[in-house]
Amino acid sequence: MSKNVYLPYHATSEKAHIKSMEQYREMHNKSLESTEQFWSEIAAQFHWETPYDINNFYSYNFNVTQGPVQIKWMEGATTNVCYNLLDKNVRNGMGDKVAFYWEGNDPEDYSKITYKKLLEEVCRFSNVLKSKGVVKGDRVAIYMPMVFEIVIAMLSCARIGAVHSIVFAGFSSDSLAERMADCKCKVLVTADSVYRGDKLLNIKSLCDIAMDKAKSFGHEVSTCIVVRHLPRLHRSINTSNGTNGSNSDIIDLHSDVPWTDGRDYWWHDEMDDVEPSCYPVWVSAEDPLFMLYTSGSTGKPKGVLHTTGGYLLYAATTFKYVFDYHPGDIYWCTADIGWITGHSYVVYGPLANGATSVIFEGTPFYPDNGRYWSIIEKYKVTQFYTAPTAIRALMKFGEEPVKKHNLDSLKVLGSVGEPINPEAWLWYYQNIGKERCSIADTFWQTETGGHVITPLPGCTPMKPGSASFPFFGVKPILLDESGKEIEGVGEGYLVFNKPWPGMMRTLFGNHERFQSVYFSKFPGYYCTGDGARRDEDGYFWVTGRVDDMLNVSGHLMSTAEVESVLTEHPDVSEAAVVSRPHPVKGECLYCFVTPNHGVAFTPKLSSELVKKVRESIGPFAMPDVIQHAPGLPKTRSGKIMRRVLRKVAVNDREVGDISTLADEHIVEELFKNRPEKA
Ligand code: WT7
């Protein structure tokens, strides 16, 4: 074993589910060699209305040349995910257990909800959805802040067999419109407004713009249900210091909520009129549970579709083992529910285990930079799951904000969204985990549904920056450019040749694209789009995307999608976007823009472009640099040589071979044109 290996947490490791690498290997082998047996033992812990057939437990085809790609687990069995998450736990005597603590943006604003109460609210909202004509298979779009109602809305969909399609509420109205039109949702569930830090965001206004826009794309959303969130915030602000937000403010702000009678309904009005019980709809294991859009390397976002049975097993099992969850633990994942991390590890995984979790509405910096640490102390959080970008942002404030809080409750620290640099890993390990806690650097994707490569707490010796070993049921393979499998030490394309229960089944309404994006480069393999290295101890190190995708603060986006926004500007002729390393965000956007002939490149144009990207995609996509490019480095066949642009972005003159460029002089031009501040 090489140097710099950190042993797992000692205080609790004798209690860990997986106590040694030996035990891990044994279980991992079983999961691959006796797949049916391994997963059916887990399936037996859940309720199946129609049982699964152990002799026909799963089937798949990954080879496009031999027919359509398909993945099926427990086909023919029926169940209901909501029933397994709520009714089952309530029946097992956990009704009064807290399912979620809610911590508002304002520290004075908090509450909690038990399993029993959550079930009752879900039943009510299921009845509301039914009253609006939602039936099994219909899509329901959700664009909401981190409040209980987003969980209630999701689980209500699951209860009646509807498919939720959550759009992260940081996305622009354009992005929401595009996604709603693509999934053809009958209903949109949203909230009036939300505070992020000290900024008030009027979400409902954005929804109105998006619904109008969706109409122009040929899709009309028939119902919009709106949670009145704002007065709740004001109520607590009133009690906290008595100076902010008088009652008249509430009413004024409230009347500002734009409204269309006959389409828009208040959540609380609708909930008053319905029964608090609702029989679950039994659905097939392969019926869709939800869809979630992720960026594609070309144009349109992809509606990743997850189904019922396999996803339930996988979210539940990864949650239990990767966070080494035990009854009594208090778990907190900081991800927004609008991303896959929030789906699998704020909602489905924890509830499937009957866990108690924290949902946090705010930001790590409000009201001060110690907010995360104060929440861990307040709820005595045992497992904390966040992103490297947040860790790097918080590192900047040093240890002082951390030291003010007692973090002794922590056992496991998770990381997700991008490779974690060893410096951030060590800071997390030493200053947050006090060298007592295991770090789970979890590699996975929207498409994989749950963790696929990750250390297991109390078991895997950790190497900072390595996601280490595959989870049960997963066998990573590295391929070289020619598609040959790399054995032992080496680096290549990270692929898989067999499915695990939680992987996506298709792209909504576009199975062709599903096959061509993920299965065509190497027939027989699911291609992650990431590169990875296997070291001498067999550890996997994910090195980042090998396609034209970039990862800004854990948000995946494609260069193509940003380029198309830039070129929509009437003064822009051409644009090329590359990623540049960034100390906090991981990567940032560096944009090269060629104005139309005769148009000058001005600071005004530059700031208009920044604003345009922000407004069209979302604030997280804001470019760091817009550089004037009199021309772009293109090959004779017209392909932009992005590696040259990446060199310009970091001011590295070692550009390599540029002999295939149509015009080599452009490279020098571009270096000369680098903005001073860049
Ligand atoms: C891409 C997936 C996984 C949920 C959040 C992001 C990168 C994610 C890691 C990690 C290295 C990582 C990959 C992947 N990524 N986690 N631990 N180490 N890279 O989901 O938006 O679908 O993005 O994020 O590049 O392909 P996503």
Side-chain angles (χ1 to χ4, degrees), residues 166-168 170-171 291-297 301-306 314-315 318-319 322 333-349 385-392 413-422 424-425 428 439-455 460 462-471 474 476 491 493-496 502-504 507 517-518 526-533 539-559 561 579 585-587 617-618 620-621:
I166 305 188
V167 179
F168 168 56
F171 272 114
M291 47 188 296
L292 182 59
Y293 287 91
T294 186
S295 293
S297 60
K302 304 173 292 197
V304 168
L305 189 91
H306 285 285
Y314 204 69
T318 46
F319 177 78
V322 174
C333 166
T334 66
D336 194 285
I337 291 175
W339 304 106
I340 190 68
T341 309
H343 283 60
S344 300
Y345 302 114
V346 177
V347 181
Y348 289 108
Y385 191 28
T386 196
T389 184
I391 299 165
R392 288 190 299 262
L413 301 173
S415 170
V416 59
E418 51 180 313
I420 180 165
N421 48 311
W425 193 101
Y428 200 27
I439 296 198
D441 172 3
T442 60
F443 167 81
W444 58 298
Q445 309 177 294
T446 304
E447 293 87 340
T448 67
H451 310 136
V452 285
I453 305 183
T454 175
T460 315
M462 301 169 290
K463 296 191 187 187
S466 166
S468 76
F469 298 108
F471 189 73
V474 176
E491 184 168 345
Y493 292 91
L494 176 62
V495 302
F496 302 97
M503 85 178 287
M504 72 173 154
L507 293 179
V517 172
Y518 302 103
Y526 164 76
C527 214
T528 59
D530 286 294
R533 182 165 64 81
Y539 282 67
F540 285 95
W541 300 73
V542 178
T543 48
R545 303 292 307 184
V546 288
D547 48 16
D548 287 334
M549 303 288 282
L550 52 103
N551 191 324
V552 181
S553 304
H555 300 317
L556 204 59
M557 60 191 90
S558 70
T559 52
E561 102 190 89
S579 90
K585 301 191 222 178
E587 293 178 43
I617 303 178
F620 53 86

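We count ligands from 1, going down the list as the structure has it; atoms in each ligand are counted the same way. We count residues from 1, following the sequence as given. Computed from heavy atoms alone, side chains included, the values below leave out hydrogens, waters and symmetry copies.
Looking at H555 against ligand 1, nothing comes within 4.0 Å, counting heavy atoms. Residue A467 does not touch ligand 1, judged by heavy-atom distances below 4.0 Å. Of all the heavy atoms of I420, none lies under 4.0 Å from any atom of ligand 1, so neither backbone nor side chain is involved. When heavy-atom distances to ligand 1 are checked against a 4.0 Å cut-off, E418 comes that close only through its backbone atoms N, CA, C and O.
Under a 3.5 Å cut-off, the side chain of T318 and the backbone N or O of H451 do not form any donor-acceptor pair. The backbone N or O of P419 lies less than 3.5 Å from no partner atom in the side chain of D441, so there is not a single donor-acceptor pair.
Scanning all protein heavy atoms for the shortest distance to atom 27 (P) of ligand 1 gives T446 OG1, 3.5 Å. Of the protein's heavy atoms, D530 OD2, 3.2 Å lies nearest to atom 14 (C) of ligand 1. The closest protein non-hydrogen atom to atom 21 (O) of ligand 1 is L556 CB, 3.6 Å. Protein heavy atom nearest atom 11 (C) of ligand 1, with residue, atom name and distance: P419 N, 3.1 Å.
The ring-ring contact (aromatic ring centres under 6.0 Å, His included) check on F471 picks up Y314, with sequence neighbours excluded. Partners of T334 under the side chain to side chain donor-acceptor pair (under 3.5 Å) rule, at least two apart in sequence or in another chain, are T386.
Between V322 and Y345 the shortest side-chain heavy-atom distance does not fall below 4.5 Å. Between V452 and F496, some side-chain heavy-atom pair lies under the 4.5 Å cut-off.
Rounded to the nearest 0.5 angstrom, T448 OG1 and H306 NE2 are separated by 7.0 Å. The CD atom of E561 sits 7.5 Å away from atom CE of M549, with the distance rounded to the nearest 0.5 Å.
Checked against a 3.5 angstrom limit, the closest N/O atoms of S415 and ligand 1 fall outside it. For ligand 1, none of its N or O atoms has an N or O atom of T341 under 3.5 Å away.
Remark: aromatic rings of F469 and Y539 are close, center separation under 6.0 Å.
When G417, G465, G544, S295 are checked for heavy-atom proximity to atom 15 (N) of ligand 1, G417 turns out nearest.
Residue V542 approaches ligand 1 through these ligand atoms, each under 4.0 Å from one of its heavy atoms: 11 (C), 19 (N). Listed by number with element, the atoms of ligand 1 under 4.0 angstrom from any heavy atom of N551 are 7 (C), 24 (O). Proximity to I340 (heavy-atom distance under 4.0 Å) selects the following atoms of ligand 1: 4 (C).
Across all non-hydrogen atoms, the minimal contact from P476 to I453 is CG-CD1, 4.1 Å.
Within the 4.0 Å heavy-atom cutoff, W444 counts among the residues contacting ligand 1.
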